[in-house]
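Presented below is the structure to which this report refers.
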Amino acid sequence: MEVVILPDAAAIGSVSADAIGALLGRKPTAVLGLATGSSPLAIYDELAARYDRGLISFQQARGFTLDEYVGLPAGHPERYRNVIDTVFVSRVDFAPGAVRGPDGLAADIPAACAEYEEAIRQAGGVDVQILGIGTDGHIAFNEPGSSLASRPRIKTLTRQTRVDNARFFDGNIELVPTHCLTQGLGTIMAARHVLLVATGRSKAEAVHQLVEGPVSALWPATILQHHPHVTVLLDDGAAHRLQLADYYRETYRSKPAWQAI
Ligand code: F6R
């Protein structure tokens with residue numbers, strides 16, 4: 001696991017966009033795993049800016065979002081399918097239908113989850129998976145207690161996650177759905193490269209557990225310690241509790257220029 005501590009979200013966006021741009025340069029048909037929430041916004045802003053400058057194209061790429069609230073109506077602005085369109089997909093040149101998400105309105109949820117996993121597999125798997133992390137250590141919506149081998153399924157959101165996400169729902173926790181469909185931890189582990197982004201002190205404990213804690217279903221993100229290619233991109237706030245922060249900084253500073261993340 002590589003830990004990169006950067007001054008701010010813009011720097012995180014830039015380093016991430018370098019990695020995604022390099023991937024698309026060598027594989028224009030790359031499959032991108034797309035997180036929603038606030039953490040990846042700087043990445044999407046930077047990618048959209050590079051697209052505007054003609055430096056990058058998503059024309060042949062595909063995307064799969066991580067998760068979706070159950071039951072939010074199709075036009076709801078906080079439906080993750082709509083969020084990813086607004087913050088990223090509509091700003092670049094993906095082909096129509098190239099970005100998919102789990103169907104939170106499916107009548108047969110287990111069938112929709114199985115079909116989603118199969119669609120990712122048929123696309124050849126995810127080349128780079130962008131992730132945020134919840135204050136309770138979730139990735140996608142794999143809440144504490146999730147099976148470390150899980151596949152897409154319905155999950156109940158923790159109260160903590162609903163409190164955290166109430167900011168997107170007029171500050172009203174009652175408006176935050178109680179259930180979601182989410183890629184499983186096993187699904188995420190199959191991605192070839194994971195870029196996990198966290199900013200701010202509210203993430204510091206989850207980040208400490210992710211990087212330095214024991215692997216445990218209590219902190220689901222810790223499963224990433226078993227992944228061969230994870231890059232954790234942090235600002236100082238999110239890195240605040242890391243025991244080996246100085247070592248991670250030194251390692252990144254002394255990294256050879258040819259060795260990309
Ligand atoms: C969103 C997702 C979640 C978020 C996490 C952090 O698709 O899968 O795991 O990444 O809840 O959210 P933010 O970035 O808003 O703090």
Side-chain angles (χ1 to χ4, degrees), residues 8-9 12-13 16 32-45 63-70 72 76-89 99-104 113 116 120 126 128-146 150-169 171 173 176-189 191 194-207 209-210 219-224 230-235 237-240:
D8 53 27
I12 292 173
S16 306
L32 309 182
L34 303 172
T36 44
S38 47
S39 304
L41 292 178
I43 303 178
Y44 299 143
D45 286 347
F64 289 91
T65 60
L66 282 172
D67 38 22
E68 184 60 273
Y69 292 116
V70 169
L72 280 190
H76 195 291
E78 291 307 324
R79 192 172 169 243
Y80 279 163
R81 180 60 250 196
N82 299 333
V83 170
I84 201 68
D85 279 346
T86 305
V87 301
F88 183 42
V89 177
V99 175
R100 293 192 48 173
D103 181 3
C113 289
Y116 196 57
I120 296 172
V126 169
V128 64
Q129 176 64 60
I130 299 167
L131 291 180
I133 185 170
T135 57
D136 65 1
H138 69 228
I139 49 174
F141 275 139
N142 294 281
E143 297 284 30
S146 289
S150 48
R151 295 289 164 181
R153 68 213 183 290
I154 189 167
K155 285 294 286 183
T156 306
L157 295 171
T158 59
R159 186 161 178 86
Q160 181 63 55
T161 297
R162 293 179 66 229
V163 167
D164 290 345
N165 285 8
R167 69 191 193 281
F168 298 117
F169 292 84
I173 186 179
V176 183
T178 54
H179 290 79
C180 61
L181 301 189
T182 180
Q183 287 189 27
L185 294 169
T187 321
I188 293 168
M189 287 293 285
V194 174
L195 283 181
L196 186 145
V197 184
T199 54
R201 279 216 186 186
S202 66
K203 301 291 176 71
E205 176 63 18
V207 166
Q209 295 291 337
L210 156 69
W219 292 95
T222 57
I223 188 62
L224 294 174
V230 176
T231 310
V232 178
L233 297 142
L234 308 171
D235 68 358
H240 178 67

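Each ligand, and each atom within it, is numbered from 1 in the order the structure gives. Count residues from 1 along the sequence.
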message: Show, in sequence, the C-alpha distance, side-chain angles and deciding distance for N165 and Y69, and conclude whether the side chain to side chain contact (heavy atoms under 4.5 Å, CB included) test is met.
response: CA-CA 11 Å; N165 285 8; Y69 292 116; 3.0 Å; yes
message: Give the atom numbers and elements of ligand 1 that come within less than 4.0 Å of a heavy atom of L66.
response: 8 (O)
field: Donor-acceptor pair, side chain of Q209 and main chain of W219, under 3.5 angstrom
entry: no
statement: Short version for N165: what comes under 4.0 Å of ligand 1, heavy atoms counted, is neither
- request: Around atom 14 (O) of ligand 1, find the nearest protein heavy atom and jot down its residue, atom name and distance.
  value: S39 OG, 2.5 Å
- prompt: Side chains of D164 and Q160: is there a donor and an acceptor less than 3.5 Å apart?
  reply: yes
- request: Around atom 5 (C) of ligand 1, find the nearest protein heavy atom and jot down its residue, atom name and distance.
  value: H138 NE2, 3.4 Å
- request: Could you list which atoms of ligand 1 come closer than 4.0 Å to a heavy atom of S38?
  value: 13 (P), 14 (O), 15 (O), 16 (O)
- request: Please work out whether the ring planes of F169 and H76 are parallel, tilted or perpendicular, with thresholds of 30° and 60°.
  value: tilted
- prompt: Among protein heavy atoms, which lies nearest atom 16 (O) of ligand 1, and at what distance?
  reply: K203 NZ, 2.7 Å
message: Does D67 form a side chain to side chain contact (heavy atoms under 4.5 Å, CB included) with Q183? I'd like the steps, not just the answer.
response: CA-CA 6 Å; D67 38 22; Q183 287 189 27; over 6 Å; no
message: For ligand 1, which is the ligand I care about here, please tell me if G37 has any N or O atom under 3.5 Å from one of the ligand's N or O atoms.
response: no
Nearest neighbour in protein (non-hydrogen) for atom 6 (C) of ligand 1: I133 O, 3.4 Å
message: Quick test: of every protein heavy atom, which one is nearest to atom 9 (O) of ligand 1, and how far off is it to 0.1 Å?
response: A140 O, 2.7 Å
field: For P152 against C113, the heavy-atom pair lying closest together
entry: O-CB, 3.3 Å
message: With a heavy-atom distance limit of 4.0 Å, tell me whether T36 approaches ligand 1 through its side chain, its backbone, both, or neither.
response: both
query: To which protein heavy atom is atom 10 (O) of ligand 1 closest, and what is the distance rounded to 0.1 Å?
result: G132 CA, 3.3 Å
- request: Walk me through it: do D103 and E68 pass the test side chain to side chain contact (heavy atoms under 4.5 Å, CB included)?
  value: CA-CA 7 Å; D103 181 3; E68 184 60 273; over 6 Å; no
message: More than 12 heavy atoms of other residues, nucleotides or ligands under 6.0 Å from CZ of R167: yes or no?
response: yes
- prompt: Are R167 and ligand 1 in contact, using a heavy-atom cut-off of under 4.0 Å?
  reply: yes
message: According to side-chain contact (heavy atoms from CB on, under 4.5 Å), who are the partners of S39, at least two apart in sequence or on a separate chain?
response: V197, K203
message: Among all protein heavy atoms in this structure, tell me which lies nearest to atom 2 (C) of ligand 1, with the distance rounded to 0.1 Å.
response: D67 OD2, 3.2 Å
